[in-house]
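Working notes, beginning with the structure itself.
Everything numeric in this text was worked out from a predicted model, so none of it was measured. Computed over heavy atoms, backbone and side chain alike; hydrogens, waters and symmetry mates excluded. Just so you know, residue 1 is the first one in the sequence shown, and it goes up from there.
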Amino acid sequence: NLAWPLMSANMRSVIESNLTGKEGVQWIECRIEGPEDERIYYILCFKNRLDVLEVNKTMFAPGTDFIVKPFFSLNKIGGYSIFNLPASDALWKISSSLYINEDLKKVIQQQRLTGVDFEEITVG
């Protein structure tokens, strides 16, 4: 929570092979040094702010554009296999929360990739 999601090469490969091409993502390589070894992970970065919300049904903090509870538009997210919240600041580029479609979820589960939690979201 609130940290950048680090992904293994396997997770990156699964995501890349399931992109629709509309997501506009790039990857940042990240080297993690441990006491005995060094590992390479990847951070997913969005190049474009995606329009995915049903704004009139999304709950915002009073007087701000801070999203308290998003409500996603089924028509808008239909073209993406992975997306994030369209925050008003630069935080939308690298997000601590990523949203995926059911197809990508199934592939992740079939590949038995670990370190991922799934929650249902509100879509209409």
Side-chain heavy atoms of [X] within contact of [Y], under 4.5 Å:
| X | Y | value |
| --- | --- | --- |
| I15 | M7 | yes |
| Y42 | M11 | no |
| F118 | V116 | yes |
| I43 | W27 | no |
| N101 | Y80 | no |
| L6 | C30 | yes |
| I28 | L44 | no |
| L113 | N10 | yes |

Nearest-0.5 Å distance that lies between atom [atom1] in [X] and atom [atom2] in [Y]:
| X | Y | atom1 | atom2 | value |
| --- | --- | --- | --- | --- |
| S81 | K105 | OG | NZ | 15.0 Å |
| N84 | I100 | CG | CD1 | 13.5 Å |
| N18 | L104 | CG | CG | 5.5 Å |
| E102 | K106 | CD | NZ | 5.0 Å |
| L98 | L85 | CG | CG | 9.5 Å |

| Criterion side chain to side chain contact (heavy atoms under 4.5 Å, CB included) on I94 and F46, from CA distance to verdict | CA-CA 7 Å; I94 300 175; F46 289 87; over 6 Å; no
| query | Counting only heavy atoms not in D117, do more than 12 fall under 6.0 Å of its CG? | reply |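 12 or below, so no.
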State, to 0.1 Å, how close [X] and [Y] come at their nearest heavy-atom pair, and which atoms those are.
| X | Y | answer |
| --- | --- | --- |
| P70 | T58 | CA-CG2, 3.8 Å |
| K76 | L53 | NZ-O, 2.9 Å |
| P86 | V52 | CD-CG2, 4.0 Å |
| P5 | S95 | CD-O, 3.0 Å |
| I82 | E23 | O-CG, 3.3 Å |
| L50 | F83 | CD1-CB, 3.7 Å |

| Is the backbone of G79 close enough, under 3.5 Å, to the side chain of T20 for a donor and an acceptor to pair up by distance? |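 Yes; judged by distance alone, with no hydrogens or angles, the pair exists.
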| Under 4.0 Å between a Lys/Arg side-chain N and an Asp/Glu carboxylate O for R39 and D37? |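 Salt bridge: yes.
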| request: Salt-bridge test for E29 and R31: reply yes if a basic N is under 4.0 Å from a carboxylate O, no otherwise. | output: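 Yes.
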| field | is_close_aromatic(F60, F66), centroid dist under 6.0 Å | value |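 Not under 6.0 Å, so no.
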| Any link between F71 and V55 through a network of hydrophobic side chains (Ile, Leu, Val, Met, Phe, Trp, Tyr) touching at under 4.5 Å? |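 F71 and V55: separate clusters.
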